[in-house]
Number of protein chains: 2
Amino acid sequence: MPSFDVLQAACPSRSVLRHLTDRWTPMVVAVLSDGPARFGQIRGRVEGVTAKVLTETLRSMERDGLVTRTAQATMPPRVDYELTPLGRTLVTPLAAVRSWAEQHAEQVLEARARYDDTVD
Amino acid sequence: MPSFDVLQAACPSRSVLRHLTDRWTPMVVAVLSDGPARFGQIRGRVEGVTAKVLTETLRSMERDGLVTRTAQATMPPRVDYELTPLGRTLVTPLAAVRSWAEQHAEQVLEARARYDDTVD
DNA sequence: CAGGATCCTTTTTGATACTG
DNA sequence: CAGTATCAAAAAGGATCCTG
């Protein structure tokens, strides 16, 4: 079995890492970790995403095998998204990073203020 | 104490998360987790970064209080970077994501192939 | 060696209007 | 409702040349 290494330029794991760290991916995973959700529900919880970008994010996640998309051709339409088993293995790692951001935001903000203060 | 939530548009933790998921940040953290390193060493291990972008990444990390920068005004100059205590708390979470990317790259690649195959 | 300064290309993200 | 299509803006990233 090949060993993947993100430090290597040509390693495919880089494109995987890239997607995981897309702007909205960690948030979408956070929302879907609570269970399946409809497009509009996701959009409502992830403040600030536009429909277009959310669609792109979900499409990319679907392509990578992280979520499933179930559409019902009713009127109005209803589309449900759900994490796949693979996607679920991502919940913990991404939650850790997201949680780090929330729990250390204060310290980072202070560090920035200090840095910007030292006008050197 | 305020509660930070990345799902909220105006929450400062979003900009923190944004930086953590910058293209090169997880890789730089991975390299520095082995101990302090010089600019050139980091650049050598993180394949593909240009000096300009690596400088920007390190500067941003320094501003956020994640690394320290120690310059020696010798000729040629020597600059060492090292994770701060705060930066060190980031090693595990980021390593988990990076590790996920490496360990599931194969599955993701397969999922992509399947998706692209289904030309629907 | 470690960068700063410029210029430029690519990638992402967003605003808006429209549709099955 | 859940998108798509277009257009525009911004941001990130990169190539190249220069310097203490």
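Only a predicted model underlies this, so the values are computations on that prediction, with no experimental measurement involved.
Residues Asp80(A) and Gln72(A) form a side-chain contact, since some pair of their non-hydrogen atoms from C-beta on lies under 4.5 Å apart. No side-chain heavy atom of Arg14(A) sits less than 4.5 Å from a side-chain heavy atom of Arg18(A). By the 4.5 Å heavy-atom criterion applied to side chains, Leu58(A) and Leu54(A) are counted as neighbours. For the pair Met61(A)/Trp24(A), no side-chain contact is recorded, criterion being any heavy-atom separation below 4.5 Å from C-beta on. Looking at Arg112(B) and Asp64(A), their side chains come closer than 4.5 Å, going by heavy atoms from C-beta outward.
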Could you go over nucleotides 2-5 of chain C and give all protein N or O partners under 3.5 Å, atom names and distances?
| residue | atom | partner | partner atom | Å |
| --- | --- | --- | --- | --- |
| dA2(C) | OP1 | Arg38(B) | NE | 3.1 |
| dA2(C) | OP1 | Arg38(B) | NH2 | 3.2 |
| dA2(C) | OP2 | Gly40(B) | N | 2.9 |
| dG3(C) | OP1 | Arg69(B) | NE | 3.3 |
| dG3(C) | OP1 | Arg69(B) | NH2 | 2.5 |
| dG3(C) | OP2 | Tyr81(B) | OH | 2.8 |
| dG4(C) | OP1 | Arg59(B) | NH2 | 3.3 |
| dG4(C) | OP2 | Arg59(B) | NH2 | 2.5 |

Taking only distance into account, with no hydrogens and no angle test, what donor-acceptor pairs under 3.5 Å do side-chain atoms of residues 28-44 of chain A form with protein atoms, sequence neighbours excluded?
| residue | atom | partner | partner atom | Å |
| --- | --- | --- | --- | --- |
| Ser33(A) | OG | Ala30(A) | O | 2.6 |
| Asp34(A) | OD2 | Arg45(A) | NH1 | 3.1 |
| Asp34(A) | OD2 | Arg45(A) | NH2 | 3.4 |
| Gln41(A) | OE1 | Arg38(A) | N | 2.8 |

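In this structure, the CD1 atom of Ile42(A) is 9 Å from the P atom of dA2(D), given to the nearest Å. Put simply, CD on Glu47(A) is 18 Å from P on dT13(C), counting in whole angstrom units. The distance from atom CZ of Arg43(A) to atom C1' of dA2(D) is 10 Å, rounded to the nearest whole Å.
Of the options Leu17(A), Val16(A), Val6(A), a side chain to side chain contact (heavy atoms under 4.5 Å, CB included) to Glu102(B) is made by Val6(A) and by none of the others.
For the contact set between residues 15-34 of chain A and DNA chain C, defined by any heavy atom under 4.0 Å, the members are Arg23(A), Trp24(A).
Over its length, the helix from dC1(C)-dG20(D) to dG20(C)-dC1(D) turns its helix axis by 50°, as judged from the five terminal pairs at each end, rounded to 10°.
Shown here are the side chain to side chain contact (heavy atoms under 4.5 Å, CB included) partners of Glu56(B), two or more places apart in sequence or in another chain: Lys52(B), Val53(B).
Between Pro76(A) and Glu56(A), it is Glu56(A) whose nearest contact on DNA chain C lies nearer the 5' terminus. Sequence order on DNA chain C of the closest nucleotides to Thr57(A) and Thr74(A) puts Thr57(A) first from the 5' end.
One N or O on the side chain of Thr25(A) and one on the backbone of His19(A) form a donor-acceptor pair closer than 3.5 Å.
Judged as a side chain to side chain donor-acceptor pair (under 3.5 Å), the pairs with a partner in residues 81-94 of chain B (not counting sequence neighbours) are, in order, Trp100(A)-Thr89(B), Arg69(B)-Tyr81(B).
Minimum atom distance to the side chain of Val53(B) is reached by dG13(D), of the listed dT13(C), dC1(C), dG13(D).
Here OG of Ser99(A) is found 8.5 Å from NE2 of His104(A). Values are rounded to the nearest 0.5 Å.
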